[in-house]
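Written out below as C-alpha cells is the structure these notes cover.
Everything quoted here is computed from the prediction, not taken from an experiment.
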Amino acid sequence: MGKRRRVAEQRKAKARPAVLGGVIAVVVGGVGFGAYALYGGAAADAQATTRKAVKTGPLTAAEVRTASTRFLTAWQQGRADQASAATDNPSAAAEQLGAALKDAHLKDVTLTAGTATGAKVPFSVKATVAYQDLNKPLAYENSLTVVRRKTDGAPVVGWQAAVIQPDLKDGDILVAGESGTPPVKALDREGGELTAAKYPSLGSVLDGLREKYGKTAGGKAGIELRVVRSKASVKAGLSDKTVLELSEGTPGTVRTTLSPTMQAAAEEQVGKRPRASVVALRSSTGEILAVANSAHGFNVGFQGSLAPGSTMKIVTSTMLFEKKLVTPDASHPCPKTYKLAGWTFHNDADSEIKKGSFKLSFGASCNNAFINFAPKLSNSDLTKEAQQVYGLGMDNWSIGVPSFDGSVPVQSGAQMGAALIGQGGVRMNPLNMASVSATVRSGIFHQPFLVAPSVDHRTLAKAQRTMSKKTQAQLKEVMQFTAAYGTAAKAMAGLGPDYGAKTGSAEVDGQKKPNGWFTAYKGDLVAAGVCEAGGHGGDTAGPIVAALLKRGG
C-alpha cells in the first residue's frame, strides 16, 4: 500500500448528509423526473408488501426505470439514507455513499441516466471536486443493475461499491486530498517515459510503482481525488488509483527493465485476442522486458492465478528426471485412459501412444504418460520440486510491483495426479511460466524483476537448490523436440536451433474452451502467455509468444 494518508474506512452513515451543491433533476432518456419517489420510496414499499407474496419474474421496463430513478435522484440530492434504502443492501450502501459524499468533496452533482438494456442502466456522472481553494470538473460513465429485493421482490438497485465509481471494489473509499504518495515518472530501460496512454497494459504497473517508490523516488505529493484500497483489495494485489488530479505533484523517477520495443510488440499481440496476457524476460538475469494484457484493469500477467495446464509438465519432468524414473528416450507408453483413486483420466481427443519414448509423449503433451507415474511419487514431491528448484509458491518474490508467485499445494490421490499435468490445485500466471522456461534455459532460478534490486536494496528470492547439468540437458532436449516436432512446432517455426517450448490447455469449470498456454525460449529471451477460453495453447498463446521471440531475436 505504501504510506498514503488514509481516512477511516469504517463510518456510521448520517441520517441526513448535507446536500452538496444545487439539485438538478435526474434525466432518464431525456425526460426530467425531479425528486421522484424520494419520500415514502423503498421503506413505504417494504411496509406495503409485508402481507403480500414475494413478487418474482422478470423486471418490467417501468420497474427498472422507477428503481433507478429513485436511487439516482436521492444520491444526486446528497440524501445517502434515501439512496441506500433504494438498494438491496442499505447498510453497506449508506456507509459507502455517506463516505463518498463527505470525503470525495463533490458539489453540483448531476446524474444522467441513459437507455436501459434489460435491468442494466447506464448513467453519466458530472460534478465538481472542490478541495480547499481548488476546483476541478469530474466526469465519467458508469452503470447500475436493478434486481428484485429478496424479502418482497420489489425492484431495487443491486448494491456494489462500483456503482459510486467504476474503479471501486467493496470496502474501498473515494477520497480527495493530499495524495500522501508523490507521483513517479517511470522510465524504460533506455530512459524513455512509460505512460498508460502509450502502453495501456501498464496502468496497474504504474500504480504499483508509485505505491512502492513514490516516497523514496524524490517527488512531492499533489492534491487529487483517488480510490483508497481496503485491506481486502490490497491483499488481492490492487493499488490505490488516481481518479482526478487537482494539482500536480512533483514526480520522482523510477527506472524499470522494460524494453520499449518489446513492450510495444506485446501490446500489439495481446490486442489480437480478447483475453490474452504475455510476459517476456531475460533468462540469464530475470529482467522483465514486457508485460501486456488484453484487459487493462487486473494484471493477469503478473497477478493471475490460473491452472497452467500442460506447461506444468516442465516442472513434473524435472522431478521425474531427477528421480531417475525416466529419460527422454526411454520407452514409455501413454495409454488412452488411466485410473487413479477413482478418477479416469483422458488424453486430449482420447489419443494414445502405445509405443514411443517419453520425449514423444512430452512433445505430443500426452497426459497419461505423466499421470501414470503417480503411484511412484509422494504427495509432496511436486510441491518440493516447484519450490526448491523453480522458486515457486514461496510467496517471497519482490519484483518491484505486486505479483503472485504461483502455488503448488501438496495434494493426494486423483488431485495429485491432476497436479502433474497442471490441473488440480496448481495455479500460475505468465510471469511464473516464463520464469520456469528461463530456469531451464539458464540452469538456475533467477527471480524475475521489473526494478533493479539496487534501487531500494531489496533482496531477491533464491531457489534452495539448482538442477544438475544432466537434468538441464534432458529438459532442453524435450523442449527442443516439442518446438521442432511437437505441439509447439507451428508457432516456433523458423526460431531454432537454440530454442525450446511447451504448450498447455487447462480445463476450467463452466468454460466451453480451455485456457491456452504457451511458454518458450529462443536463446536468452523467454516469453510465456495465456489466452483465457481460447482453446489449445499452440494455436492461441503460441503465436503471441513466438512473435515476441522473433522481435527480440
Between the side chains of [X] and [Y], does any donor sit under 3.5 Å from an acceptor?
{"X": "Asn368", "Y": "His346", "value": "no"}
{"X": "Ser277", "Y": "Asn293", "value": "yes"}
{"X": "Thr519", "Y": "Ser437", "value": "yes"}
{"X": "Arg189", "Y": "Ser259", "value": "no"}
{"X": "Asp172", "Y": "Ser233", "value": "yes"}
{"X": "Glu224", "Y": "Thr242", "value": "yes"}
{"X": "Ser378", "Y": "Ser380", "value": "no"}

Under 3.5 Å donor-acceptor, [X] side chain and [Y] backbone:
{"X": "Asn515", "Y": "Ala533", "result": "yes"}
{"X": "Asp207", "Y": "Lys241", "result": "no"}
{"X": "Ser294", "Y": "Ala276", "result": "yes"}
{"X": "Ser310", "Y": "Lys313", "result": "no"}
{"X": "Thr311", "Y": "Gly504", "result": "no"}
{"X": "Gln480", "Y": "Pro497", "result": "yes"}
{"X": "Gln511", "Y": "Lys513", "result": "yes"}
{"X": "Thr256", "Y": "Leu187", "result": "yes"}
{"X": "Asp188", "Y": "Thr257", "result": "no"}
{"X": "Asp524", "Y": "Ser284", "result": "yes"}

Is there side-chain contact between [X] and [Y], with at least one heavy-atom pair below 4.5 Å?
{"X": "Leu174", "Y": "Asp167", "result": "no"}
{"X": "Lys212", "Y": "Asp456", "result": "yes"}
{"X": "Ile173", "Y": "Leu168", "result": "no"}
{"X": "Pro335", "Y": "Asn372", "result": "yes"}
{"X": "Leu306", "Y": "Glu532", "result": "yes"}
{"X": "Trp517", "Y": "Val545", "result": "no"}
{"X": "Leu360", "Y": "Phe481", "result": "yes"}
{"X": "Leu460", "Y": "Phe449", "result": "yes"}

Inset, instruction - Apply the test side-chain contact (heavy atoms from CB on, under 4.5 Å) to residues Lys384 and Val410: give CA-CA distance (whole Å), side-chain angles for both, the deciding distance (0.1 Å), then the verdict. - result: CA-CA 9 Å; Lys384 291 178 179 177; Val410 175; over 6 Å; no
Heavy-atom closest pair, residues [X] and [Y]:
{"X": "Phe445", "Y": "Ala463", "result": "CD2-N, 3.6 Å"}
{"X": "Ala528", "Y": "Ala434", "result": "CB-N, 3.4 Å"}
{"X": "Leu281", "Y": "Ser435", "result": "CD2-N, 4.3 Å"}
{"X": "Phe345", "Y": "Ala414", "result": "CZ-O, 3.5 Å"}
{"X": "Gln387", "Y": "Leu392", "result": "CG-O, 3.2 Å"}
{"X": "Thr540", "Y": "Gly534", "result": "CG2-O, 3.1 Å"}

Legend entry - Asp395, CG: over 12 other non-hydrogen atoms inside 6.0 angstrom: no
Inset, instruction - Inspect the surroundings of OH in Tyr140 and state if more than 12 heavy atoms from other residues, nucleotides or ligands are less than 6.0 Å away. - result: yes
To the closest 0.5 Å, what do you measure between [atom1] ([X]) and [atom2] ([Y])?
{"X": "Gln388", "Y": "Thr383", "atom1": "CD", "atom2": "OG1", "value": "10.0 Å"}
{"X": "Leu325", "Y": "Lys376", "atom1": "CG", "atom2": "NZ", "value": "6.0 Å"}
{"X": "Leu194", "Y": "Gln263", "atom1": "CG", "atom2": "CD", "value": "7.5 Å"}
{"X": "Thr503", "Y": "His536", "atom1": "OG1", "atom2": "NE2", "value": "8.5 Å"}
{"X": "Lys185", "Y": "Thr250", "atom1": "NZ", "atom2": "OG1", "value": "12.5 Å"}
{"X": "Lys336", "Y": "Asn347", "atom1": "NZ", "atom2": "CG", "value": "9.5 Å"}

Inset, instruction - For the pair Phe373 and Phe358, name the ring-plane relationship: parallel under 30°, tilted 30 to 60°, perpendicular over 60°. - result: perpendicular
Inset, instruction - Output, in order, the C-alpha distance, side-chain angles, deciding distance and verdict of side-chain contact (heavy atoms from CB on, under 4.5 Å) for Met319 and Val389. - result: CA-CA 10 Å; Met319 173 184 63; Val389 175; over 6 Å; no
Listing, residues 416-433 side-chain donor-acceptor contacts under 3.5 Å, not counting sequence neighbours, or none:
| unit_1 | atom_1 | unit_2 | atom_2 | d |
| --- | --- | --- | --- | --- |
| Gln423 | OE1 | Glu507 | N | 2.8 |
| Gln423 | NE2 | Glu507 | O | 3.4 |
| Arg427 | NH1 | Gly424 | O | 3.1 |
| Asn429 | OD1 | Leu431 | N | 3.1 |
| Asn429 | OD1 | Asn432 | N | 2.9 |
| Asn429 | OD1 | Asn432 | ND2 | 3.4 |
| Asn429 | ND2 | Phe302 | O | 3.0 |
| Asn429 | ND2 | Gly304 | O | 3.1 |
| Asn429 | ND2 | Phe404 | O | 3.2 |
| Asn429 | ND2 | Asn432 | OD1 | 3.3 |
| Asn432 | OD1 | Gly406 | N | 3.4 |
| Asn432 | OD1 | Asn429 | N | 3.0 |
| Asn432 | ND2 | Phe404 | O | 3.0 |

[X]/[Y] ion pair, N-O < 4.0 Å:
{"X": "Lys323", "Y": "Asp381", "value": "yes"}
{"X": "Asp240", "Y": "Arg229", "value": "no"}
{"X": "Lys198", "Y": "Glu267", "value": "no"}
{"X": "Arg255", "Y": "Glu190", "value": "no"}

Legend entry - Chi angles and distances behind the side-chain contact (heavy atoms from CB on, under 4.5 Å) call for Lys169, Leu238: CA-CA 10 Å; Lys169 307 297 182 185; Leu238 297 177; 3.8 Å; yes
Inset, instruction - Scan residues 441-453 for pairs that pass side-chain hydrogen bond (donor to acceptor under 3.5 Å, both in side chains), counting only residues two or more places apart or in two chains. - result: Arg441-Asp498
Inset, instruction - Verify side-chain contact (heavy atoms from CB on, under 4.5 Å) between Phe362 and Met479, making sure each step is shown before the conclusion. - result: CA-CA 8 Å; Phe362 186 98; Met479 289 185 69; 4.1 Å; yes
Inset, instruction - Answer yes if the ring centres of Tyr390 and Trp397 are under 6.0 angstrom apart, and no otherwise. - result: no
Legend entry - Qualifying salt bridge (charged side-chain N to carboxylate O under 4.0 Å, His left out) pairs, either residue in residues 466-487, two or more places apart: Lys359-Glu477
